[in-house]
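Okay, structure first, notes after.
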Protein chains: 2
Amino acid sequence: MPPSGKPVTLKDLAAHAGVSRSTVSLVLQESPLVAKSTRERVMAAVRTLGYVYNRGAATLRSARTHTIGVVVHDIANPFFGAMVAGIDETLQNADYVSFLASTGDSPERQQRLINRLREQRIDALLLCPAENTPETLLDTLERWGLPCIEVMRHVGASPRGHYVGADIRAGMIRAVTHLAGQGHRHIALLTGPGHSSADRDRMAGFQAAMEDAGLVPDIRTGRGELTRRAGLERTLEIMSEATPPTALICHNDLMALGALLALARLGLTPGVDCAVIGIDDSDEAALSEPALSSIATHPHAIGSAAAELALACLDHPGGEPQRLVLDTSLHLRASADHCLHRSREPS
Amino acid sequence: MPPSGKPVTLKDLAAHAGVSRSTVSLVLQESPLVAKSTRERVMAAVRTLGYVYNRGAATLRSARTHTIGVVVHDIANPFFGAMVAGIDETLQNADYVSFLASTGDSPERQQRLINRLREQRIDALLLCPAENTPETLLDTLERWGLPCIEVMRHVGASPRGHYVGADIRAGMIRAVTHLAGQGHRHIALLTGPGHSSADRDRMAGFQAAMEDAGLVPDIRTGRGELTRRAGLERTLEIMSEATPPTALICHNDLMALGALLALARLGLTPGVDCAVIGIDDSDEAALSEPALSSIATHPHAIGSAAAELALACLDHPGGEPQRLVLDTSLHLRASADHCLHRSREPS
DNA sequence: GGACGTATTTGGATCGATCCAAAACGCTCA
DNA sequence: TGAGCGTTTTGGATCGATCCAAATACGTCC
């Protein structure tokens with residue numbers, strides 16, 4: 001038994017169990033080659049001596065740490081809480097663990113975090129990239145041989161490697177079709193400035209859906225965060241215009257909930273005087289007053305799919321890039337289920 | 001230059017820069033002992049060869065990974081987003097990185113995650129413990145020699161080692177004093193079942209504050225999550241009683257926001273018919289309708305203080321346990337700023 | 001030029017785990 | 001009992017970085 005403060009090693013376990021270091025190593029790897037009685041002796045030594053595996057040492061020889069890095073841009077967005085839960089559930093079944101890091105939408109901070117994860121020898125990376133992420137990041141990851149699955153956002157005009165996302169376009173079509181059916185002709189999209197693929201996907205999907213419906217798209221990009229407060233502030237501005245839109249589709253639920261607050265502040269009836277649709281269908285959407293209609297992106301399923309894809313890449317390296325675009329659905333609630341009063345519609 | 005797929009090592013850098021492996025190592029450690037021109041040659045080799053440091057190898061000899069584990073019970077709670085931002089800001093200045101893991105309030109999952117972090121040789125742990133965490137966890141951490149700072153919650157009846165938290169008691173006193181000053185006599189606390197120190201602290205603080213005010217405490221514990229939905233559901237139940245409380249203090253802002261929703265659903269005027277006070281003072285508190293009064297716990301400052309304490313422990317090992325209990329403040333908004341109508345008060 | 005002191009660099013050992021070919025062991029059959 | 005075969009265990013080399021005492025280099029002074 002080494003003195004306090006000195007870590008227990010395989011050598012100590014081997015001495016205690018009366019076997020070689022190699023046998024101990026095989027036991028810890030759950031190798032089927034070891035006899036049951038031997039395995040039991042070693043595991044008893046592990047418990048008795050309080051051994052803690054040294055993954056750093058193991059990385060010098062073995063290929064795997066069984067650790068996945070998860071890098072997202074905003075952990076305060078409930079979408080990521082649900083997505084990470086899906087990731088972790090899937091990884092747990094494979095005896096992998098995820099380490100989460102948050103970039104605050106800064107490409108520099110993102111690079112630093114990814115470097116640090118790589119230094120720890122993560123096996124793969126699940127990345128929801130910061131806005132303005134340069135494509136050189138993907139070159140670097142490729143050079144490293146680090147499998148990367150982009151999730152929900154991708155670097156560049158289209159995903160280059162593995163990607164898991166939601167079918168925003170289909171969601172937009174459903175939302176616009178629904179709003180048009182209710183009489184809305186002036187529908188606005190509130191989104192970011194276009195520095196992320198999430199912005200651009202929403203814009204493209206919205207544009208296509210509006211053109212399909214024979215309507216003129218009104219796309220409201222804006223700088224800054226995609227938060228509740230931003231949704232509120234920007235909606236206050238929009239509604240102060242001479243001919244404001246009669247319906248809003250917001251970048252995410254947080255912004256949509258902010259928009260509902262703004263409408264209420266203006267003495268308008270959210271959902272009646274102006275329809276609001278969010279994206280993500282967070283738990284909160286169902287609870288708000290009025291309940292928020294939202295394009296459901298199923299973050300838990302997104303997380304699970306991304307983790308499955310990572311594990312598959314690790315099992316079968318060198319495969320073709322996989323693009324998984326999961327179905328969305330439109331969850332209609334009070335914020336967008338009233339027919340528009342004709343008197344509110346411009347000629 | 002080693003072939004693709006084979007990592008660049010110190011040996012490769014040394015050959016490229018025309019120095020020894022030891023010199024390379026000293027340069028990477030930013031040792032002042034190395035000549036400037038030598039350092040430049042080595043750093044040029046690093047860039048040219050695309051070297052990635054191997055922290056696993058380094059952990060075999062050096063004492064530090066410059067990595068802090070952050071283990072929390074619910075990443076979807078905005079409190080933790082803000083706290084982690086505070087942690088990361090402080091750690092970045094010291095060239096440390098945090099890896100975040102979420103336990104879902106499960107002690108078993110928590111143990112598994114902490115084991116995995118330890119295997120990666122994190123330098124210290126910031127822990128907001130899952131409810132029902134056994135004290136044996138602290139024994140284990142001590143045996144490992146892993147510095148641990150409990151944050152906001154602690155294991156056992158009182159913190160045993162380092163702790164950073166908020167002065168909930170002072171916050172409770174302010175909230176109760178304020179409500180009593182407005183005429184409230186029946187004030188209820190909505191909190192968890194008492195399995196976490198956060199629950200118990202709130203109960204004790206509330207009890208003491210109510211006794212100080214000469215009022216009878218009404219403590220509503222409940223099973224399950226401390227979420228918006230839970231706040232809504234439990235408030236609906238409470239308000240269906242014959243003599244419901246005229247004021248609610250909720251475990252956190254999420255629950256308080258749920259309570260506001262419930263009151264509105266019941267046709268009551270939130271803040272007038274029943275006052276509501278949350279805990280945390282999240283961004284959302286200011287935006288809701290009515291704006292939520294909240295005991296501000298300053299999560300960003302909590303995170304910074306915890307990270308500072310961790311760094312101090314690492315710089316000066318063996319010091320006395322530090323207990324930092326940061327001031328709270330009461331942020332009064334519309335949800336609790338009306339004097340109570342006398343007709344609503346029981347005799 | 002040699003001695004001395006300081007600055008800089010070096011090289012072999014070490015760290016804890018894995019790898020893999022070889023050794024050891026146990027069982028069965030002739 | 002010995003040979004053959006399958007099962008189990010072993011031990012030395014290796015991995016990439018750090019450590020630290022020793023070696024080397026450099027500048028200054030006499």
Side-chain angles (χ1 to χ4, degrees), chain A residues 1-3 5-43 45-46 49-67 116 118-121 123 144, chain B residues 2-3 5-43 45-46 49-67 116 118-121 123 144-145:
Chain A
M1 183 65 184
K6 179 87 172 65
V8 178
T9 67
L10 291 204
K11 185 176 170 182
D12 305 313
L13 294 180
H16 199 270
V19 297
S20 78
R21 294 171 295 107
S22 297
T23 302
V24 171
S25 181
L26 291 173
V27 170
L28 295 180
Q29 293 176 64
E30 299 179 5
S31 170
L33 301 179
V34 184
K36 185 171 184 305
S37 62
T38 306
R39 177 178 299 115
E40 285 166 354
R41 279 203 328 274
V42 172
M43 292 313 294
V46 167
L49 299 186
Y51 171 74
V52 176
Y53 194 70
N54 189 334
R55 280 193 190 266
T59 63
L60 288 183
R61 291 299 306 225
S62 73
R64 294 281 154 80
T65 59
H66 285 233
T67 308
R116 286 300 293 264
R118 181 61 187 144
E119 289 170 7
Q120 300 280 160
R121 280 357 193 210
D123 295 334
W144 285 349
Chain B
K6 179 87 174 59
V8 178
T9 66
L10 292 203
K11 184 175 171 186
D12 305 312
L13 295 181
H16 199 272
V19 298
S20 79
R21 294 171 294 109
S22 296
T23 302
V24 171
S25 180
L26 291 172
V27 170
L28 295 179
Q29 293 177 63
E30 298 180 8
S31 170
L33 299 180
V34 184
K36 185 172 185 303
S37 63
T38 305
R39 178 179 299 114
E40 284 166 354
R41 278 199 335 269
V42 172
M43 293 313 295
V46 168
L49 300 186
Y51 170 75
V52 175
Y53 194 68
N54 188 334
R55 283 195 187 266
T59 64
L60 288 182
R61 291 298 305 226
S62 74
R64 292 282 154 81
T65 60
H66 285 228
T67 308
R116 286 299 292 265
R118 182 60 187 144
E119 288 170 6
Q120 299 281 158
R121 290 329 198 232
D123 297 332
W144 285 348

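Given the structure is predicted, the values throughout are model-derived calculations rather than measurements. Here is how names work: the chains are called A, B, and so on, in the same order as the sequence lines, proteins then strands, and each is numbered from 1.
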Checklist entry - Pick the nucleotide of DNA chain C nearest each of Leu60(B) and Thr38(B); which residue has the one closer to the 5' end? => result Thr38(B)

Checklist entry - If you look at every strand shown and take non-hydrogen atoms under 4.0 Å, does Thr23(A) touch a base, only sugar-phosphate, or nothing? => result base

Item to check | Residues Leu60(B), Leu60(A); criterion side-chain contact (heavy atoms from CB on, under 4.5 Å); working and verdict | outcome: CA-CA 10 Å; Leu60(B) 288 182; Leu60(A) 288 183; 3.3 Å; yes

Checklist entry - When you match Ala35(B) and Thr59(A) each to their closest nucleotide on DNA chain C, which lands nearer the 5' end? => result Ala35(B)

Checklist entry - Does some side-chain heavy atom of Val27(B) sit less than 4.5 Å from a side-chain heavy atom of Val24(B)? => result no

Checklist entry - Looking at CG of Leu13(B) and OG1 of Thr23(B), how far apart are the two atoms once the value is rounded to the nearest 0.5 Å? => result 12.0 Å

Checklist outcome for this item: The ring pair (Phe, Tyr, Trp, His ring centres under 6.0 Å) partners of His66(A) (sequence neighbours excluded) come to Tyr96(A)

Checklist entry - Does any N or O in the side chain of Thr38(B) come within less than 3.5 Å of the main-chain N or O of Val34(B), such that one atom is a donor and the other an acceptor? => result no

Checklist entry - Where along residues 27-34 of chain A does a heavy atom fall under 4.0 Å from DNA chain D? => result Leu33(A), Val34(A)

Next on the checklist: Report for the helix from dG1(C)-dC30(D) to dA30(C)-dT1(D): angle between first-end and last-end helix axes, five pairs each, rounded to 10 degrees.
Outcome noted: 50°

Next on the checklist: Mind checking if Arg21(B) touches a base, just sugar-phosphate, or nothing, with heavy atoms under 4.0 Å?
Outcome noted: base

Item to check | salt bridge (Lys or Arg N to Asp or Glu O under 4.0 Å) contacts in which one or both residues fall within residues 27-36 of chain A, not counting sequence neighbours | outcome: Lys36(A)-Glu40(A)

Considering only distance and modelled atom types, tabulate donor-acceptor pairs under 3.5 Å from the side chains of residues 50-57 of chain A, sequence neighbours left out.
residue, atom, partner, partner atom, Å
Asn54(A), OD1, Gly56(A), N, 3.0
Asn54(A), OD1, Ala57(A), N, 3.1
Arg55(A), NE, Glu119(B), OE1, 2.5
Arg55(A), NH1, Thr65(A), O, 3.0
Arg55(A), NH2, Glu119(B), OE1, 3.0

Checklist entry - Are Arg121(B) and Pro7(A) side-chain neighbours, meaning at least one heavy-atom pair lies under 4.5 Å? => result yes

Checklist entry - Side chains of Thr67(B) and Gln120(A): do they bring a donor and an acceptor to under 3.5 Å? => result yes

Item to check | Pairwise distance CG(Leu28(B)) to CE(Met43(B)) - rounded to 0.5 angstrom | outcome: 6.5 Å

Next on the checklist: Regarding Val24(B), tell me which of base, sugar-phosphate or nothing describes its non-hydrogen contacts under 4.0 Å with the strands shown.
Outcome noted: nothing

Next on the checklist: For Ser31(B), is there any backbone N or O sitting under 3.5 Å from a side-chain donor or acceptor partner on Arg39(B)?
Outcome noted: yes

Item to check | Start and end of the DNA chain D segment that chain A contacts, any atom under 4.0 Å from a heavy atom | outcome: dT8(D) to dG16(D)

